[in-house]
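Below: one structure, written as structure tokens.
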Amino acid sequence: MDFKKISVIGLGYIGLPTAAVIASRGIEVVGVDVSQHAVDTINQGKIHIVEPDLDIVVKSVVTTGKLRATTTPEKADAFLVAVPTPLINNHQPDISYIEAAAKAIAPVLEKGNLVILESTSPVGTTEKMAQWLAQAREDFTFPQQAGEDADIRVAHCPERVLPGYVLQELVANDRIIGGMSAKCSELATALYKTFVRGECLITNARTAELSKLTENAFRDVNIAFANELSIICDKLKIDVWDLIKLANRHPRVNVLKPGPGVGGHCIAIDPWFIVDSAPDEARLVRTAREINDSKPKHVLEKIRKAADEFKRPVIACLGLAFKADIDDLRESPALDITQEILEQEIGEVLIVEPNITTLPKALTEKGARLVKLDEALEKANTIVALVDHKEFKKISVNALNTKVVIDTRGIW
Ligand code: SAJ
């Protein structure tokens with residue numbers, strides 16, 4: 001099948017780069033988003049999110065007319081749904097954005113269309129999306145009713161790109177193609193082949209859904225193991241970084257890195273989708289989440305103890321982002337810890353975050369200051385490394401000799 005026009009629903013961290021990459025292959029792409037601000041920004045050839053080099057690609061495809069954004073869905077050969085699936089009410093997945101997207105595209109569907117769900121979703125969501133579409137379009141048949149002969153094809157092809165490397169990984173990574181029928185998978189594969197260099201691996205929609213959740217839960221469980229080790233090591237007065245280095249010399253051992261907690265919008269969220277679907281069975285997955293979620297509290301306790309040594313504690317918090325060398329502060333354990341230090345008035349707080357120019361208001365209101373690294377190293381008596389940004393790796397150990405150092409990332 002020749003895709004002449006593709007519509008991407010949801011122009012966020014996944015939808016926008018995907019839309020831009022497809023457009024860069026010469027295919028007409030219409031991006032749809034409920035945010036007028038996002039739509040206006042994109043139509044000016046600019047971006048409303050942060051991702052290396054995305055601005056260049058978007059500018060180029062908007063200028064050539066291959067990418068255009070709108071708030072109202074229009075006809076297309078294929079629809080790619082990339083909307084958020086957050087957690088609500090005590091760790092339950094909220095798939096209402098998918099329902100809203102299905103209802104928005106239903107009126108413009110045409111026979112032969114392909115609808116792909118890319119959003120990370122609990123098992124069974126692709127089938128639900130197909131049902132919402134079928135309820136809105138009784139004039140068409142869908143795979144759950146007509147199998148291979150359906151008028152509309154539906155598949156789940158989860159995104160799996162790493163923030164910071166999205167443009168490379170969109171093209172290079174293998175894709176899981178979970179069609180609701182063989183024909184759905186075949187058509188979805190044809191679409192991804194237009195821009196993916198990796199392999200397209202075909203399965204069914206439910207396996208594709210759980211596969212995506214498995215990838216992030218696997219990482220969460222492994223980080224939880226490292227975080228638990230770091231807490232054990234604190235108790236036993238052993239350097240966790242030395243320990244991991246030694247254990248990792250075993251040919252079949254690869255312990256991940258402990259840290260101040262797990263942040264971001266995926267790894268700290270997706271495992272809950274598994275727990276929600278199989279609460280009695282997903283014991284390890286749940287415990288891993290709890291361990292990672294409790295790590296900021298453990299770090300905070302260490303900071304409090306360190307600060308108690310000083311009459312006037314001046315604490316330098318190095319890093320606010322959720323991981324190294326990005327500016328994304330959302331769901332960041334570093335941000336939570338810094339906020340708590342301020343909230344509990346543990347000491348004066350100097351923040352070094354080389355990737356931002358202004359601090360969130362919640363921090364400045366409590367008296368925190370964003371300072372240069374040199375000033376923080378000169379004035380603080382307690383140094384807390386919360387993110388392993390490249391700038392912090394260059395700090396000479398001599399500069400830290402006279403300080404109390406809490407290095408949650410094993411930088412020095
Ligand atoms: N972290 C550690 N120790 C480690 C590795 C990571 O504490 O050894 C922490 C990071 O500091 C960060 C959090 O985990 O706070 C998550 O960072 P990450 O780099 O592991 O992953 P994300 O959330 O940026 O992206 C993940 C990726 N999933 C996997 O690697 C299995 C990405 O491929 C997914 O596409 C993305 O989630 C997503 O959108 O689901």
Side-chain angles (χ1 to χ4, degrees), residues 10 12-18 49-52 82-87 93 118-122 156-176 198 208-231 240-241 244-245 247-248 253-274 285 288-289 291-296 298-299 318-337 385-389 392 407-411:
Y13 279 85
I14 300 301
L16 181 57
T18 307
I49 55 171
V50 179
E51 180 59 40
V83 294
T85 45
L87 287 175
E118 278 218 6
S119 311
T120 304
S121 302
H156 180 53
C157 307
E159 62 83 12
R160 32 184 9 197
V161 287
L162 194 67
Y165 299 87
V166 169
L167 289 177
Q168 295 96 303
E169 291 208 356
L170 260 179
V171 175
N173 288 5
D174 294 341
R175 291 301 294 231
I176 296 171
E209 286 160 346
L210 190 56
S211 168
K212 163 70 197 200
L213 302 178
T214 299
E215 290 160 21
N216 282 351
F218 171 85
R219 201 149 163 85
D220 198 43
V221 167
N222 281 282
I223 299 170
F225 179 71
N227 276 335
E228 186 169 278
L229 266 183
S230 76
I231 295 169
V240 70
W241 303 98
I244 292 174
K245 220 182 282 166
N248 281 352
V253 173
N254 182 18
V255 181
L256 292 185
K257 293 187 189 130
V262 171
H265 341 293
C266 313
I267 295 192
I269 299 199
D270 302 354
W272 288 117
F273 291 16
I274 302 180
V285 177
R289 270 291 65 246
I291 290 170
N292 287 335
D293 272 355
S294 70
K295 191 67 198 290
H298 178 80
V299 174
L318 305 191
L320 281 185
F322 88 82
K323 63 177 183 176
D325 304 323
I326 59 165
D327 68 344
D328 196 340
L329 308 189
R330 295 172 308 157
E331 323 284 344
S332 167
L335 182 65
D336 291 347
I337 290 167
L386 293 169
V387 190
D388 44 343
H389 288 317
F392 305 151
D407 181 3
T408 70
R409 298 281 186 176
I411 305 176

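If you read the sequence from its start, that first residue is 1, and numbering goes on from there. Note that ligands are numbered from 1 as they come in the structure, with each ligand's atoms numbered from 1 the same way.
- For atom 5 (C) of ligand 1, the closest heavy atom belonging to the protein is R219 NH2, 3.4 Å.
- Close contacts of ligand 1 with E159, meaning ligand atoms under 4.0 Å from a residue heavy atom, involve 35 (O), 38 (C), 39 (O), 40 (O).
- Side chains of S230 and K295: a donor-acceptor N/O pair is present below 3.5 angstrom, by distance only.
- Contact annotation: I267 has at least one heavy atom less than 4.0 Å from an atom of ligand 1.
- Contact atoms of ligand 1 toward R409: 7 (O), 11 (O) (distance under 4.0 Å to a heavy atom of the residue).
- Between the side chain of D328 and the main chain of A321, no donor-acceptor pair closer than 3.5 Å is present.
- The closest protein non-hydrogen atom to atom 6 (C) of ligand 1 is I223 CD1, 3.5 Å.
- Looking only at protein heavy atoms, the nearest one to atom 31 (C) of ligand 1 is N216 OD1, 3.2 Å.
- For atom 8 (O) of ligand 1, the candidate residues are E331, K257, K323; the nearest heavy-atom contact is made by K257.
- Side-chain contact between W272 and V285: absent, with no pair of heavy atoms (C-beta onward) separated by less than 4.5 Å.
- Heavy-atom proximity to K212, at under 4.0 Å, picks out these atoms of ligand 1: 34 (C), 35 (O), 38 (C), 39 (O), 40 (O).
- Proximity of C266 to ligand 1 is established by a heavy-atom distance of less than 4.0 Å.
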